[in-house]
Amino acid sequence: MQNSIQPSAEFQQLVKAQLKGNWKSVLEQHLGAEVLAKPNQPCPFCGGSDRFSFTDKFGNGDCYCRHCGHRDGIKVIMDLTHKNFSEVIVSLGAQLGIPAEVPSEPKPKKAKSRKTFTSKDLWNLGSQIEKDTSPDRYLSSRGLNGRNFQSLRFFDHLRYAEKSKDGSSWEEKYYEGILCRIDSSEEECFNILRIYLTTVKKPKSRHQRKSLEKKSPAASSSLEKSTLTTAGLD
């Protein structure tokens, strides 16, 4: 069986850089030219007749539906083709003529000594927090202006492992999030605090909140709009 290719961070960055300014032609292959020609088109995901618009607001093939919310170009293709992130990014790289790493034949296991994905790698994938984006609104709701902090960046594909519904395995999910750089006294040494931004909404009224808490002991934890974890990277 052929091994699946796991694209490196450098490969992902190169593909995304080459796609900037070219997303419309790429997404036309999946959505059709008419859907991308003008705003307020039928949504290919929820079926709304005039909710979907291709904006490319952040240069990532960005699309917005008034019901579904925001998707970047890679997420659009993932949801349309039912492929995972690695499969889509490798396929896009092939279209651009960028070869992914060729998997080598399996070798006998040796004592663990491998190059790990570092805090610096993750930090370099992040981008500046822009005005009126989800991380900007999140920080503004807490009295902060994320655009004034050099130690904060936005990343639209933070990995998060969750138990499957039956509890038998772990499932990988991806969320938008904020990267907070925590420097140490040693040069070039730092860690990353990850703030996961989710779409869970708070109940509008106090009565709704109390009703929800009575129904489920865990409901109060689900009221938070974001999950905050300190990530020690491997």
Side-chain angles (χ1 to χ4, degrees), residues 4-100 124-140 146-147 153-160 172-179 196-201 225-226:
S4 60
I5 296 174
Q6 297 299 321
S8 66
E10 291 78 10
F11 173 80
Q12 295 177 39
Q13 285 182 293
L14 181 59
V15 171
K16 289 181 177 181
Q18 293 293 322
L19 284 170
K20 287 189 181 294
N22 299 307
W23 270 109
K24 189 171 184 179
S25 61
V26 172
L27 291 179
E28 281 179 351
Q29 302 173 35
H30 300 275
L31 295 171
E34 292 183 1
V35 175
L36 304 179
K38 56 184 180 180
N40 301 324
Q41 296 295 306
C43 178
F45 302 104
C46 71
S49 60
D50 60 352
R51 298 170 173 171
F52 186 83
S53 298
F54 170 71
T55 65
D56 202 21
K57 183 175 181 180
F58 306 113
N60 297 316
D62 306 276
C63 298
Y64 183 79
C65 170
R66 292 195 301 274
H67 177 74
C68 303
H70 170 268
R71 285 180 171 88
D72 65 14
I74 292 177
K75 180 62 174 172
V76 167
I77 297 174
M78 287 172 62
D79 290 345
L80 287 172
T81 62
H82 304 291
K83 293 181 178 179
N84 62 36
F85 176 81
S86 295
E87 291 171 325
V88 171
I89 198 78
V90 168
S91 175
L92 291 171
Q95 293 180 43
L96 296 168
I98 304 173
N124 289 337
L125 288 174
S127 60
Q128 182 180 357
I129 295 176
E130 302 289 344
K131 184 178 180 180
D132 198 29
T133 58
S134 54
D136 183 49
R137 290 190 293 271
Y138 170 84
L139 293 169
S140 296
R147 288 165 280 139
R153 287 187 179 181
F154 171 64
F155 187 51
D156 61 359
H157 210 72
L158 276 178
R159 182 172 64 88
Y160 190 80
E172 287 187 359
K173 295 187 178 181
Y174 294 87
Y175 299 98
E176 292 183 340
I178 298 172
L179 307 177
Y196 292 85
L197 302 178
T198 70
T199 56
V200 176
K201 296 181 179 179
K225 285 187 177 179
S226 64

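Quick note: numbers below take in every heavy atom, side chains included, and nothing from hydrogens, waters or symmetry partners. Note that the structure is predicted; figures quoted are calculated from it, not measured.
- Between Tyr174 and Asp156, the closest side-chain pair of non-hydrogen atoms is not below 4.5 Å.
- A side-chain contact (heavy atoms from CB on, under 4.5 Å) with Trp23 holds for exactly one of Asp62, Asp72, Ile74; it is Ile74.
- Across all their heavy atoms, Ile98 and Leu14 have their closest contact at CG2-CD2, 3.8 Å.
- Considering every non-hydrogen atom in both Gln18 and Leu96, the closest pair reads CB-CD1, 3.7 Å.
- Within the 4.5 Å cutoff, side-chain heavy atoms of Phe45 are placed close to those of Asp79.
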Checklist entry - Hey, mind stepping through Glu176 and His70 against side chain to side chain contact (heavy atoms under 4.5 Å, CB included) and telling me if it holds? => result CA-CA 10 Å; Glu176 292 183 340; His70 170 268; 3.3 Å; yes
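- Arg66 places a side-chain N or O within 3.5 Å of a backbone atom of Asp50 that can act as its donor or acceptor partner.
- Rounded to the nearest 0.5 Å, atoms CD (Gln12) and CZ (Phe85) are 4.0 Å apart.
- The distance from atom CG of Leu139 to atom CD1 of Ile178, rounded to the nearest 0.5 Å, is 4.0 Å.
- In this structure, Phe54 CZ and Leu31 CG are separated by 9.5 Å, a value rounded to the nearest 0.5 Å.
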Checklist entry - How far apart are the C-alpha atoms of Ile89 and Phe11, what are their side-chain angles, what is the distance that settles it, and do they pass the side chain to side chain contact (heavy atoms under 4.5 Å, CB included) test? => result CA-CA 9 Å; Ile89 198 78; Phe11 173 80; 4.2 Å; yes
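- Under the 4.5 Å side-chain criterion, counting only non-hydrogen atoms from C-beta, Val35 is not in contact with Pro42.
- The two residues Arg71 and Cys68 have their closest heavy-atom pair at NH1-CB, 3.5 Å.
- By the 6.0 Å contact criterion, CD on Gln29 is enclosed, its count of non-hydrogen atoms from other residues, nucleotides or ligands being greater than 12.
- Here the straight-line distance linking atom CG of Leu179 with atom CG of Leu125 works out to 8.5 Å at 0.5 Å rounding.
- Across every non-hydrogen atom of Cys46 and His67, the tightest pair is CB-CD2, 3.7 Å.
- Looking only at side-chain heavy atoms (C-beta outward), His30 and Thr81 come within less than 4.5 Å of each other.
- A heavy-atom distance below 4.5 Å is found between the side chains of Cys63 and Leu27.
- Note: Tyr175 and Tyr160 have perpendicular aromatic rings, judged against thresholds of 30 and 60 degrees for the angle between ring planes.
- Once rounded to the nearest 0.5 Å, the distance linking NZ of Lys131 with CZ of Arg137 reads 12.5 Å.
- Contact of the Asn60 side chain with the Leu19 side chain is not registered, since no non-hydrogen atoms from C-beta on lie closer than 4.5 Å.
- Formation of a donor-acceptor pair under 3.5 Å by the Glu87 side chain with backbone atoms of Asn84 is found in this model.
- Under the 3.5 Å distance criterion, the side-chain polar atoms of Gln13 are matched with a main-chain donor or acceptor of Asn124.
- Phe52 contributes atom CZ, which lies 7.0 Å from atom CG of Leu36 (distance to the nearest 0.5 angstrom).
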